[in-house]
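Note sheet for the following structure.
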Amino acid sequence: PFLSKAWEDQSSILVERSLSSQTIPECSERGLEDFSARLAAGPTLQHFLRNASPPQETCPQLAEEPEEPEPYLTSSILEKAGRKVYLETYGCQMNVNDTEIAWAVLQKSGYLRTHQLEEADVILLVTCSVREKAEQVIWNRLQHLTALKSKRLRTQAPLRIGILGCMAERLKEEILHKEKLVDIVAGPDAYRDLSRLLAVAETGQQAANVLLSLDETYADILPVQTSLDATSAFVSVMRGCDNMCSYCIVPFTRGRERSRPLASILREVKVLSDQGVKEVTLLGQNVNSFRDTSEVQFLSAATPGLSRGFSTIYNAKEGGLRFAHLLDQASRVDPEMRIRFTSPHPKDFPDEVLQLIQERHNICKQLHLPAQSGSSRILEAMRRGYTREAYLELIQHVRDSIPGVSLSSDFIAGFCGETEDDHQQTVSLLRQVRYNVGFFFAYSMRQKTRAYHRLQDDVPAEVKRRRLEELISVFREEATRANRAMVGRSQLVLVEGPSKRSATELCGRNDGNIRVVFPDTEMEDGTGSGAVVRAQPGDYVLVKVTSASSQTLKGVLLRRTTLRESSAHR
C-alpha cells in the first residue's frame with residue numbers, strides 16, 4: 001500500500017507538470033469538453049509506472065560498468081595509502097593479537113609500518129579499559145601525542161591519531177567530542193574498517209566505528225606477527241564474554257561470545273608452525289568456553305558439563321565443537337610446537353580437557369585458574385558462579401589429574417563490601433594453593449557493570465593498596481617455596497633470546513611458563529654426535545635449576561633437546 005500511494009503521488013506530480021505546460025482554455029462548456037478529451041487521450045498511470053523503472057535489458061550493461069570508489073575515497077587520498085603507521089599496544093594478550101589484526105588490515109591497504117614514533121604519519125593506540133589506571137595512562141599519552149601533532153611541520157602531511165580497542169568502545173563520546181584529541185576511534189569489532197576511517201580522517205573530519213558484532217571473529221584475516229624472529233605467537237580462537245561477572249567491563253567493550261571456525265584456527269597454527277614458531281597461545285576472553293557452530297554437523301555434538309560445584313547465569317549452550325576438540329586438533333598440527341591457552345574460566349574444565357593436557361606431550365602442564373577472591377561471600381557478589389570450597393575442590397582435582405601442574409591466578413583487592421575477614425580468606429587461599437604465577441589488582445569500578453549499578457565502591461583507596469601489597473607479599477613467599485622445589489631438577493626451556501639484565505645470559509620459559517635464566521655457553525647438540533653448539537632462540541634446551549625466586553629460576557645448560565625426547569624421559 002505504501003508503494004502504491006507513492007506512485008500515485010508521483011503520477012499526480014507528473015500530471016500537474018503536464019497541465020502546467022499547456023494553455024488552459026476559457027471556462028466554457030466547450031473548452032472543458034475539449035480539455036477532458038485531451039486528458040483522456042494522454043498518458044495513464046500505467047504509462048508512468050512503466051517509465052519509472054529502467055528497461056530490464058539495460059541491467060547487464062550497468063553491471064558491467066567499472067565500480068566507482070566511494071565518494072570519500074578520492075584519488076588523492078588513495079594515493080596517500082603508503083603513509084607510515086606506528087602502533088602502540090596496552091593491556092592484555094588479546095590486545096597484542098588485535099594489534100596484529102589491525103596491522104594486517106592496514107598492510108593490505110598499502111600502509112607502511114614504522115617503529116619510530118617521529119617517523120609516523122598515523123599513530124594508533126590499541127587500548128585497555130579494564131581498570132581506571134590503564135585508561136589514565138592512555139589519556140596522558142594522548143596529551144603527549146597531541147603536542148607532537150601541533151609541532152608537525154607544514155611541509156608534512158598532517159599527523160593522524162587513533163584510539164582502538166576497549167577504551168574506544170567505552171569512552172567514544174568523551175574521546176571524540178569532549179577532548180577532541182583523536183582523529184579516529186575504532187572498537188574491537190571495527191578493525192576491518194580502519195582504512196575507510198583513516199581515509200575520512202584525511203579530509204579533516206573525525207571518524208568512528210564502535211559497533212559491536214555478534215559474529216565478527218576476524219577468522220579470514222591472518223594476523224601479521226609484530227616480530228619476524230618471535231619464538232611464540234598468540235592465536236585468537238574466540239571473542240567476547242557471556243559470564244557477566246559484576247566487576248567486569250569486558251562484555252560491554254568486546255560483546256557477546258562468538259568462536260572462530262576450527263578450520264581457520266588450525267590453518268593459522270599451521271602457518272605459524274611453517275614460519276618456525278615454537279609456541280602458540282590460544283586466546284579468548286573465556287577461551288575454554290569455545291564453541292564452534294559453523295557447520296551443521298557440529299550442532300549435534302554433546303554438551304560438556306561444568307566443573308563440579310560451578311554454575312553460570314545463562315542456560316547451557318547446546319551443540320558445537322568444544323574446547324577439548326580444539327585443543328586436541330591444535331596439538332596435532334606440530335608435535336614440536338607447545339600449546340598454551342588463556343584466559344579460561346574455572347567453570348569450563350571438564351575431565352576430557354584435563355585428561356588431554358596430561359596425555360599430550362606438547363600441551364603445557366600449566367593452567368590459569370582465576371580465583372579473584374578467597375571469600376565465598378565476595379565471590380557471590382562478584383557473580384563468579386562458585387564458592388571457595390568448589391574452587392579448592394577443582395584445584396585438588398586438577399593436581400590429581402595433571403601431576404606437577406603449574407598454577408597461576410588473578411586476584412582483586414578491595415572489591416565492593418570486602419571486609420578484613422574477606423581479605424584474610426583470600427590470603428589463606430594464596431597460602432593453601434601456593435601458585436607459581438599470580439596477577440593482582442586493586443578494584444577499580446567500571447561504568448555499565450552490575451557493580452556500578454547495584455553495589456558501592458566502599459573500600460577506601462588506602463585500604464585497597466594495603467590489601468593489594470599484602471596479597472602480593474604472601475604470593476611471593478609461597479611462589480618462592482613452590483619454585484624452590486624445582487632446584488636440582490632439569491627443566492625443559494624454550495629459548496627466547498638474551499636476558500635483559502646480562503649480555504652473557506639467555507632466558508626462556510619452562511613448561512609452567514616460569515622465566516628461566518642461564519649462561520650463554522656451549523652445550524651438547526642433543527644428537528649424540530658429541531658436537532657442541534650454542535643455544536639459539538627457538539631451541540628447546542634442558543636446564544638444571546640451581547636457584548629460584550618468586551618469579552625466576554636460574555640454572556646451567558645441559559644440552560639441546562626436543563619436545564618428544566624430553567617427554568619420553570619424564
Side-chain angles (χ1 to χ4, degrees), residues 93 96-97 100 225-235 269-283 330-331 333-342 360-366 404 406 408 436-437 483 486-570:
Q93 296 98 326
V96 175
N97 186 252
E100 295 172 349
Q225 300 300 309
T226 54
S227 176
L228 296 177
D229 57 353
T231 60
S232 59
F234 298 114
V235 174
V269 173
K270 179 63 167 63
V271 167
L272 292 170
S273 172
D274 292 342
Q275 292 174 352
V277 171
K278 294 294 186 180
E279 181 178 283
V280 159
T281 301
L282 306 178
L283 281 182
S331 67
V333 171
D334 182 353
E336 288 298 312
M337 174 187 278
R338 273 178 172 172
I339 303 294
R340 300 186 189 276
F341 57 92
T342 199
R360 204 60 55 85
H361 75 273
N362 62 334
I363 302 178
C364 292
K365 309 301 181 284
Q366 174 252 325
S406 173
S408 59
N436 300 90
V437 179
N483 292 342
M486 302 180 204
V487 173
R489 295 162 51 188
S490 297
Q491 295 290 306
L492 177 68
V493 177
L494 175 61
V495 181
E496 295 176 348
S499 169
K500 293 181 179 179
R501 295 189 177 183
S502 172
T504 63
E505 292 182 320
L506 296 173
C507 71
R509 292 188 179 272
N510 70 353
D511 190 82
N513 209 26
I514 301 170
R515 187 168 178 266
V516 183
V517 177
F518 47 92
D520 182 8
T521 58
E522 291 184 335
M523 61 178 175
E524 294 181 22
D525 69 351
T527 64
S529 65
V532 292
V533 294
R534 285 187 179 273
Q536 302 296 322
D539 284 346
Y540 290 111
V541 297
L542 286 177
V543 176
K544 184 176 182 180
V545 178
T546 56
S547 65
S549 68
S550 63
Q551 300 177 61
T552 306
L553 303 176
K554 289 194 173 185
V556 293
L557 266 175
L558 298 178
R559 60 185 174 86
R560 189 162 60 184
T561 185
T562 66
L563 275 181
R564 282 187 182 277
E565 181 190 13
S566 64
S567 65
H569 291 89
R570 281 181 181 174

**Prompt:** What are the two closest non-hydrogen atoms of Arg515 and Ser499, and how far apart are they?
**Reply:** NH2-OG, 3.8 Å
**Message:** Using a 3.5 Å distance criterion without hydrogens, assess whether the side chain of Glu336 forms a donor-acceptor pair with backbone atoms of Lys278.
**Reply:** no
**Request:** Calculate, to the nearest 0.5 Å, the distance between atoms CD and CG belonging to Glu524 and Leu557 respectively.
**Result:** 11.0 Å
**Request:** Indicate the atoms forming the closest heavy-atom contact of Gly538 with Thr231, along with that distance.
**Result:** N-CG2, 3.3 Å
**Asked** Would you find a donor on one side and an acceptor on the other, under 3.5 Å apart, between the side chain of Asp520 and the backbone of Leu506?
**Response** no
**Minimal non-hydrogen separation, Ala330 against Leu282, with atom names** = CB-CD1, 4.5 Å
**Request:** Could you walk me through whether Met486 and Ile514 pass the side-chain contact (heavy atoms from CB on, under 4.5 Å) test, one step at a time?
**Result:** CA-CA 11 Å; Met486 302 180 204; Ile514 301 170; 3.6 Å; yes
**Message:** Looking at every non-hydrogen atom in both residues, tell me the closest pair between Gly497 and Pro537 and how far apart they are.
**Reply:** CA-CG, 4.1 Å
**Message:** Tell me whether Asn97 contacts the main-chain N or O of Phe234 through its side chain, where contact means a donor paired with an acceptor under 3.5 Å.
**Reply:** yes
**Prompt:** Got a second to check how far Leu542's CG is from Ser490's OG, nearest 0.5 Å?
**Reply:** 5.5 Å
**Item:** Flag, side chain of His361 to backbone of Ser566, donor-acceptor distance under 3.5 Å
**Value:** no
**Check: Arg489 side chain, Val545 main-chain N or O, donor-acceptor pair, under 3.5 Å** = no
**Asked** Which value, rounded to the nearest 0.5 Å, describes the distance between Ile363 atom CD1 and Phe341 atom CZ?
**Response** 8.0 Å
**Request:** Answer whether the closest heavy-atom distance between the side chains of Leu553 and Val517 falls below 4.5 Å.
**Result:** no
**Complete:** Of all heavy-atom pairs linking Ser273 and Asp334, the shortest is OG-OD2, 2.7 Å
**Item:** Exercise: identify the closest heavy-atom pair between Gly512 and Arg340
**Value:** C-NH1, 4.2 Å
**Prompt:** Within a strict 4.5 Å, meaning less than it, do heavy atoms of the Arg360 and Ile339 side chains meet?
**Reply:** no
**Request:** Would you mind reporting whether Val235 and Leu272 have side-chain heavy atoms less than 4.5 Å apart?
**Result:** yes
**Asked** Between NZ of Lys554 and SG of Cys507, what distance do you get to the nearest 0.5 Å?
**Response** 11.5 Å
**Request:** Output the distance between atom OG (Ser232) and atom CZ (Arg338), rounded to the nearest 0.5 Å.
**Result:** 10.0 Å
**Request:** May I ask you to decide if Ala548's main-chain N or O and Asn483's side chain share a donor-acceptor pair within less than 3.5 Å?
**Result:** no
**Asked** Just how far is it from atom CG of Leu563 to atom CE of Met337, taken to the nearest 0.5 Å?
**Response** 10.5 Å
**Asked** Of Gln491, Gln536, Met523, which meets side chain to side chain contact (heavy atoms under 4.5 Å, CB included) against Val541?
**Response** Met523
**Asked** Under a 4.5 Å cut-off applied to non-hydrogen side-chain atoms, are Thr281 and Gln93 in contact?
**Response** no
**Asked** Can you find a pair of side-chain heavy atoms, one from Thr552 and one from Arg501, that are under 4.5 Å apart?
**Response** no
**Prompt:** With a 4.5 Å heavy-atom cut-off, do Arg559 and Glu565 have their side chains touching?
**Reply:** yes
**Electrostatic pair Arg560-Asp539, nearest N-O below 4.0 angstrom** = yes
**Message:** Tell me whether Lys500 contacts the main-chain N or O of Pro498 through its side chain, where contact means a donor paired with an acceptor under 3.5 Å.
**Reply:** no
**Message:** Under the side chain to side chain contact (heavy atoms under 4.5 Å, CB included) test against Val543, which residue among Asn510, Val516, Leu558, Val495 passes?
**Reply:** Val516
